[in-house]
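First up is the structure itself, then whatever we jot down about it.
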Amino acid sequence: MHPRMRGVLLLTAMVVVLLGLWAGVAQAQTSSPPPCGGKIASGASAGDPCGDVTGSSADIGVEQNQATPTSDAAGKNKIAINVTWTLVTGFLVMFMQAGFALVETGFCRKKNAAHVMMTNFMIYGIGVIGFFMVGYALMFGGVGHIANLGGTNPLTGELSAGGGGIFGTKGFAFGNIYDVGVAAHFLFNLVFMDTTATIVTGAMAERWKWSAFCVYGFWVSMIVYPIFGNWAWGGGWLAQLGSKASLGHGYVDFAGSGVVHGIGGFMALGGAMVIGPRIGKYNKDGSSNTLPAHNIPMAILGCFILAFGWFGFNPGSTLAATDLRISVVAVNTMLASASGAFVAMLWATNRAPFKKPDPGMCVNGMLAGLVAITAPSGFVAPWAALLIGAVAGALVIESVLFVDKRHVDDPVGAVSVHGVCGLWGLISLGLFADGTYGAGWNGVDGTVKGLFYGDGGQLVAELIGCAVILAWAWGGGYLFFKVQDKLMGIRSKPEDELAGLDIPEMGVPAYVDGDGMPASAPAGDGSLAPSPA
């Protein structure tokens, strides 16, 4: 691209950002928060303008803790609408599994395509079983009534220490909680868990031994994700930082920048560090080789499927179609995805080693914007969503290059997209939450406000959450993979890795030629291709 054209594009991006900032400052100075945190609540009346306040998975059992009456037709219809909304958005999130499979497989080499696809496929089967048997109870065993889903059988078991919740104790394999509200809540949170579990498969792709992967699938779905999820969304100690330590509304994470993406991204970092880089990735002098993606169109298609599924991920986290904030959440989600992709395109065009609008970096830019807006999507204005996504689009590229220089081989950029930009999402909530939503969140009076709107304690709570994610996911993940490697080994044989894992581990190739012979081979697939830089 001509230097003058690059300058024009960068100037355009700067103007967009400055206009957004100007609009945001003007809004902050002239607008006042609407009542009830911006929610148009069902059951409102002149004497009770807020009515029944609905909440997301982050504050179920914390705001009202009362079952919604179902004796009248209006109440039954409200519950039916909310249950349908929660299930349908859960189905959208489940479809994201196809998007992850296409992105990761497209970014990897063809000789490993069947193996990468299978890790994305079977993490679903393994994760569902683990979360049903153990994970859901540890995460939500103490949330109480699931009111806006018609729950009448409360989850009332929570182990506490020092006055803070640690993990749930009721609901293992749905024992004693055969309930319509619990069932809808379980399905929605199950597919969130599956997203976390899938993130790690990208960072450890092309050299992960199948048996070791299967053990990991149960570990993440039964222990790692649920316990942190309890601290954040199950009424645990992180959520209580507001009510007990006067830090804003405690740790707030609307749909999971931290709970889902941060945990997945930093557990992926621990795994990638332990398993080591792919053969041929780094030279003896420390320089890096590019191992080219075998199907960029597949990866781009997968990215769009993920972006589509995100409209279940974020708006669905209200667990209530009767919470009309869903339109703001959806718009914020779309804006952040667009600005993330756009800024990533500009950044790659002007950044070595790319110097072109690299398709892979644009895909990761869109996903980075989506990850970053996931936590603040319910609490920020659209201008802020645009800015949050834009920062993520640049941040993800710098993070990918930083991680690569440290000889951590992450074939799809999972650590940067989900881990680093997940933390940025939490920080951005602590900065830009504007007080128009979240009344009573985590049992704290008032709406959720960030530093720029008068509550620095909210930012502190988010930073504490970031630190816990690093310790629990990165530190705990590194320890888990180290122990697993000692006990059973986590890496495939070198000869299998060189030949491709499809035949040695899966027994079938992903692609065959006209004669039915494998179309993938260690030679000619870019396994030792030089860096484009």
Exactly one of His115, Glu505, Arg207, Glu206 should register a side-chain hydrogen bond (donor to acceptor under 3.5 Å, both in side chains) with Ser492. Which one does?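 Of the listed residues His115, Glu505, Arg207, Glu206, the side-chain hydrogen bond (donor to acceptor under 3.5 Å, both in side chains) partner of Ser492 is Glu505.
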
Taking the six-membered ring for Trp, are Phe188 and Phe192 ring centroids under 6.0 Å apart?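 Distance test on ring centres: under 6.0 Å, yes.
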
Ring pair (Phe, Tyr, Trp, His ring centres under 6.0 Å) with Trp231: which of Trp472, Tyr251, Phe140?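 Exactly one pass, corresponding to Trp472.
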
Kindly say whether [Y] contributes a backbone atom to a donor-acceptor pair with the side chain of [X] at under 3.5 angstrom?
| X | Y | answer |
| --- | --- | --- |
| Thr105 | Leu102 | no |
| Lys170 | Ala137 | no |
| Ser428 | Gly425 | yes |
| Asp179 | Gly151 | no |
| Asp410 | Val415 | yes |
| Thr201 | Ala197 | no |
| Asp194 | Leu190 | no |
| Thr447 | Gly435 | yes |
| Glu462 | Val252 | yes |
| Asn442 | Val444 | no |

Is there a donor-acceptor contact under 3.5 Å linking the side chains of [X] and [Y]?
| X | Y | result |
| --- | --- | --- |
| Trp219 | Gln484 | no |
| Thr322 | Asn82 | yes |
| Thr198 | Asn120 | no |

Over 60° means perpendicular and under 30° means parallel, so tell me whether Trp208 and Tyr216 are parallel, tilted or perpendicular.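 The rings of Trp208 and Tyr216 sit tilted, inter-plane angle from 30° to 60°.
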
Do the rings of Phe174 and Tyr136 sit parallel, tilted or perpendicular, given the 30° and 60° boundaries?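 Geometry flag for Tyr136 against Phe174: tilted rings.
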
For the residue pair Ile388 and Pro376, establish whether any side-chain heavy-atom pair is separated by less than 4.5 Å.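 Touching, per the 4.5 Å side-chain cut-off.
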
Considering non-hydrogen atoms only, spot the tightest contact between Ala375 and Asp253 and give its length.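 Of all heavy-atom pairs spanning Ala375 and Asp253, the closest is CB-OD1, 3.2 Å.
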
Which pair of heavy atoms, one from Ser399 and one from Ser416, lies closest together, and at what distance?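 The pair with the smallest heavy-atom distance is OG-OG, 2.7 Å.
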
Supply the atom-to-atom distance Trp237 CH2 to Ser160 OG, rounded to the nearest 0.5 angstrom.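 Here the interatomic distance stands at 13.0 Å.
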
Salt-bridge contact Asp485-Arg491 (side-chain N to carboxylate O under 4.0 Å):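 Arg491 and Asp485: not salt-bridged.
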
Pair Asp323-Tyr437, side chain to side chain donor-acceptor pair (under 3.5 Å): steps then yes or no: CA-CA 11 Å; Asp323 180 351; Tyr437 186 71; 2.7 Å; yes

Identify which one of Val371, Thr374, Thr196 satisfies the side-chain contact (heavy atoms from CB on, under 4.5 Å) criterion when paired with Val260.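 It is Thr196, the one option of Val371, Thr374, Thr196 that forms the side-chain contact (heavy atoms from CB on, under 4.5 Å) with Val260.
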
